[in-house]
Every structure is written in C-alpha cells, then in structure tokens.
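Just the heavy atoms: all of them, side chains too, but no hydrogens, waters or symmetry mates, feed the values below. Residue numbering restarts at 1 for every chain, and letters A, B, ... go by the order of the sequence lines.
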Protein chains: 2
Amino acid sequence: MAFERAFDVAKKISDSAIHRLSLYVRILEEWEREGRDTTSSEELAERGGTTAAQVRKDLSLFGSFGKRGLGYSVGELADHIRSILGLGRTWRVALVGAGRIGTALLEYRGFRERGFDIVAVYDADPAKVGGCVGERTVRDVAGLEEGIRAEGVEIVVLAVPGEAVQPIVDLVVRAGVRGILNFAPLKPRVPEGVTVRDVNLVMELEALSFALSQDGPDA
Amino acid sequence: MAFERAFDVAKKISDSAIHRLSLYVRILEEWEREGRDTTSSEELAERGGTTAAQVRKDLSLFGSFGKRGLGYSVGELADHIRSILGLGRTWRVALVGAGRIGTALLEYRGFRERGFDIVAVYDADPAKVGGCVGERTVRDVAGLEEGIRAEGVEIVVLAVPGEAVQPIVDLVVRAGVRGILNFAPLKPRVPEGVTVRDVNLVMELEALSFALSQDGPDA
DNA sequence: GGTCGTTTGTGAAATCCTTCACATAACGTA
DNA sequence: TACGTTATGTGAAGGATTTCACAAACGACC
C-alpha cells in the first residue's frame with residue numbers, strides 16, 4: 001500500500017481517544033495564546049480531567065512527540081495533534097435544516113475558525129427557501145444532491161426533524177458525502193465507510209437524569 | 001439502607017449503556033404510537049443499531065422485563081426504562097447564557113415534552129437582562145445562586161463562553177445543583193457527586209475530520 | 001564524564017464492555 | 001400432560017481500554 005501514513009497501519013483508534021485528542025488541542029491552543037512553551041503529560045491530564053498515563057498512551061498511538069525528562073513543546077504537540085485529526089485544512093460543510101438549531105449553528109463562528117466552512121444551507125420548507133440566514137441564502141433541498149457535487153461538500157450537518165433524516169442521509173451519501181453530523185434523535189443507517197456522529201441533547205439530559213436519580217433518594 | 005432500589009447495589013453502569021437505554025425508550029415510544037404491543041431484543045437491536053445480546057445485557061443490568069419465548073411488552077418495557085432513567089418526573093432546569101445556542105435550546109420543545117422544564121434563563125450581558133426570549137424574561141446572572149435555591153433548580157444548562165464556565169459552575173454547585181449540561185468547549189472541574197455532561201460540536205466535527213482523513217487518501 | 005532528578009514511551013496487568021452460547025421459561029397444540 | 005418452538009436472562013469467553021510500573025532518555029550540575 002503506497003499511501004500509508006504512520007497511523008493507518010490497521011490500528012483501531014477508539015472514539016474516546018479521539019475525543020481526548022480534540023480536547024488536548026484546545027488546551028494546548030489556550031496555552032499557546034498564553035505564551036507557554038512546554039508542558040507535561042501530567043499537566044495536560046490535570047487540565048483535561050484525565051490521567052498522565054492516559055495522555056501518554058493516547059499520544060503513543062500516533063508517535064512520540066515528547067522529550068524524556070523534559071515534556072512536550074506546546075506548539076509542536078498542538079501541530080502534531082492537529083495533523084492527526086486532519087485539521088490542517090478546511091472542510092466544506094453543508095447545513096441541511098434551517099430551523100432553530102440549524103441557524104444557531106450557522107451563527108457560531110467557532111466552526112469556521114476551526115476549519116469547518118459552511119458553504120451552503122438547505123431546507124425543505126418553501127417558506128424558508130430563498131430567505132437568508134446570516135449572509136447565506138437558503139436553498140431548496142430538492143437541489144441538494146447536485147449542490148453537494150457542485151460545491152464539493154464533504155461533511156453534512158443534519159438538523160432536520162426525525163422523519164426526514166433517513167431519506168436525506170441516503171441522498172447525501174449517494175452524492176458522495178462520507179461524514180455526517182446528525183442532530184436528530186435517531187440513528188440513520190449508512191453504508192460502510194460513511195461516518196455518522198450523533199449529537200442528541202435529550203439523550204444527554206436523560207443521562208443526567210439517570211445520574212441524579214441514582215445517588216441519594218434526595219428531595 | 002432503607003431506600004434501596006433494585007439497581008443501586010454498587011453496580012457501575014456504563015455511559016454507553018445509559019445512552020442505549022435512552023435510545024430504546026425513544027424507539028419503544030415510536031412503536032407505542034404505532035400501536036405495537038410486543039417486541040423482541042432482536043427487533044430493538046435491529047432498530048437501534050446494536051445486537052440482541054447487547055439489548056438483553058443492558059436490560060439485565062436493572063432487572064428482567066421480558067417473558068422467555070415471547071419477548072417484551074412495548075408499553076411495559078418503555079415504562080421500566082423511563083423509571084430507570086428517572087424520567088417519571090419533571091426536572092427543573094435553568095439555562096445560563098441566552099446567546100445563540102441558548103435561545104435555540106429554549107425554543108426546542110422536545111425538552112419540556114420529555115420532562116425537562118426550563119424554569120429560568122440567566123445571562124451576564126446587561127443588554128440582554130430584562131429582555132425576553134420566547135415567553136421568558138432573561139434575569140441577571142448576579143441573582144443566579146439565589147434564584148436556583150428559590151426555584152428549586154436541579155439541572156443547569158450552560159451555554160456561555162469558555163472563560164465564564166468555571167466560575168458559574170462553582171456557583172451553581174454551591175447552590176446545590178448536581179447536574180450540568182455544558183456546551184462550552186472545556187471541561188469544568190466539579191466536586192464528587194456532581195455530574196457534568198459535555199456537548200461539544202467542534203469535538204464532534206473534529207472526530208468526523210479524523211475519520212475522513214483516515215480512510216482513503218481520497219479526492 | 002558521571003551522577004541525579006525528571007518525564008517520556010510502553011509492555012504487562014487490571015478493569016471494563018461486548019459477544020457468545022446455552023439452560024431456562026413461556027406458550028401453543030394435541 | 002407432554003412436546004416443539006421461541007426468545008429471554010446470564011455465566012463465561014473474548015476484546016478493548018485504562019492503569020500500572022519501570023526502563024530508557026534527557027538536561028543540569030558538579
């Protein structure tokens with residue numbers, strides 16, 4: 001295989017490891033802004049709510065980025081992790097669903113800052129199509145498949161009601177999208193090779209509810 | 001201990017198990033609406049994207065709710081899971097941060113439907129305080145601690161900028177809150193017994209970015 | 001250059017989670 | 001009542017992730 005990278009040698013990287021890496025970058029960037037030069041697995045763990053061993057294991061999945069006895073260079077480590085996560089580039093994102101959540105996402109400038117560029121917005125509601133959210137025009141979802149191909153969209157953010165999810169997922173997958181961020185409360189079915197990540201606020205609240213019901217019969 | 005429930009006998013329940021339970025309820029409720037009477041671990045697994053064995057294991061953590069040879073009663077199983085998750089009641093929730101994400105959450109009626117009642121909204125911005133979002137008046141965050149006690153708030157949804165998170169967390173914990181849903185991109189520190197769940201859109205996108213960077217050198 | 005204190009990187013152990021496989025219970029039928 | 005069919009509940013096996021513990025590497029200091 002000619003295109004191998006250091007870390008695609010058939011190793012399974014756990015979801016939680018990726019989440020932690022993502023967190024480490026954010027911490028490191030904060031420290032970069034503060035002008036800190038070096039850090040240690042200990043410090044990163046402390047700040048990220050995990051353990052030093054965990055930090056080192058996470059990093060060791062992809063290489064060795066520190067100096068024994070000294071720790072890590074804040075800037076270099078951030079660069080390495082960004083490159084591991086594929087953040088050295090801009091991703092072209094389409095938002096489908098210009099409802100409450102959708103428009104809130106649009107306004108959130110954190111996305112573009114971190115390399116996720118929302119290039120188009122779609123909705124099925126004729127009342128919304130043609131209107132504006134932010135500086136973008138809402139397009140008719142009928143043109144979604146073509147639009148995805150034309151704009152080279154790689155990631156779709158889905159903020160549509162539950163019923164609409166599966167058809168749209170099928171469509172965007174057909175159009176070549178292989179990454180979907182789904183806000184609807186049910187898991188769409190996708191073929192091998194397509195990644196879906198679900199963000200489900202109600203589930204999170206229910207997990208809180210469980211935790212609170214657990215400890216203490218309370219008031 | 002007088003107040004024992006079937007499942008608080010010092011058993012650790014994994015996060016993913018809880019998430020799956022949450023998903024099962026949603027599926028079961030859909031089937032309840034469709035008028036289905038019974039189901040099986042097989043069907044639930046199929047619909048929920050997991051395996052029959054997993055479904056049975058998840059349920060067996062809390063009891064046995066089915067009939068061998070027959071399966072589960074849709075309604076009864078839904079009831080059981082709701083009770084496990086502590087959803088048989090209404091939770092009093094305060095929203096802190098009336099920005100984009102905060103207000104989007106407010107309008108999302110799924111919360112109240114599922115027993116999460118947003119009883120108050122707070123913000124630090126003087127320009128927002130006194131104003132209305134939906135039918136609620138935004139209060140000054142200065143009165144947060146007192147408000148939490150007065151209103152009996154049990155869960156706080158935090159949609160504030162990163163810097164503001166830790167001070168507010170400290171404050172709401174002091175006021176007696178033990179469940180926090182945090183939208184800011186960093187993990188606040190909390191004492192034992194307080195549960196924080198993080199929802200982090202950027203992290204999810206970064207996980208997608210990683211997945212897409214992984215397979216195939218692609219176009 | 002040798003010694004000391006430090007912190008990484010990593011096999012091995014421990015823990016946690018999922019899958020397997022099957023005994024068990026329930027119902028229908030005769 | 002006995003038998004066949006079905007699908008649960010659960011120990012045990014298998015995998016995955018986290019923690020442990022320590023050798024190896026580095027700089028500082030004498």
How close or far is atom [atom2] of [N] from atom [atom1] of [X], stated in whole angstroms?
X: B:E42; N: C:dT19; atom1: CD; atom2: C1'; answer: 14 Å
X: A:L21; N: D:dT17; atom1: CG; atom2: C1'; answer: 14 Å
X: A:L44; N: C:dT8; atom1: CG; atom2: C1'; answer: 13 Å
X: B:E46; N: D:dA7; atom1: CD; atom2: C1'; answer: 16 Å
X: B:R68; N: D:dT8; atom1: CZ; atom2: P; answer: 10 Å
X: A:F62; N: C:dG9; atom1: CZ; atom2: P; answer: 14 Å
X: B:L59; N: C:dT18; atom1: CG; atom2: P; answer: 13 Å
X: B:D15; N: C:dC17; atom1: CG; atom2: P; answer: 9 Å

Pick the nucleotide of DNA chain D nearest each of B:A53 and A:T51; which residue has the one closer to the 5' end?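 This one resolves to B:A53.
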
Of A:K67 and B:L70, the one whose closest DNA chain D nucleotide lies more 5':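 In this pair, the answer is B:L70.
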
Does a side-chain N or O of [X] approach OP1 or OP2 of [N] to a distance below 4.0 Å, or not?
X: A:Q54; N: D:dT19; answer: yes
X: A:R56; N: C:dT8; answer: yes
X: B:S14; N: C:dC16; answer: no
X: A:S40; N: C:dT7; answer: no
X: B:S41; N: D:dT8; answer: yes
X: B:Y72; N: C:dA26; answer: no

Hey, are [X] and [Y] close enough for a salt bridge, meaning a charged N less than 4.0 Å from a carboxylate O?
X: B:E206; Y: A:R197; result: no
X: B:E76; Y: B:K67; result: no
X: A:E113; Y: A:R109; result: yes

When you get a sec, tell me which of D:dG27, D:dT18, C:dA26 is the closest nucleotide to the side chain of A:K57?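 Comparing D:dG27, D:dT18, C:dA26 against the side chain of A:K57, the answer is D:dT18.
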
Can you check side chain to side chain contact (heavy atoms under 4.5 Å, CB included) on B:D123 and B:V96, steps first, answer last? CA-CA 6 Å; B:D123 202 291; B:V96 182; over 6 Å; no

A:S64 or B:R20, whichever maps to the more 5' nucleotide of DNA chain C: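 By nearest-heavy-atom nucleotide position, the 5'-most residue is A:S64.
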
Pick one: which of B:N182, B:N200, B:D198 meets side-chain hydrogen bond (donor to acceptor under 3.5 Å, both in side chains) with B:K187?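 Per the side-chain hydrogen bond (donor to acceptor under 3.5 Å, both in side chains) rule, the option paired with B:K187 is B:D198, out of B:N182, B:N200, B:D198.
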
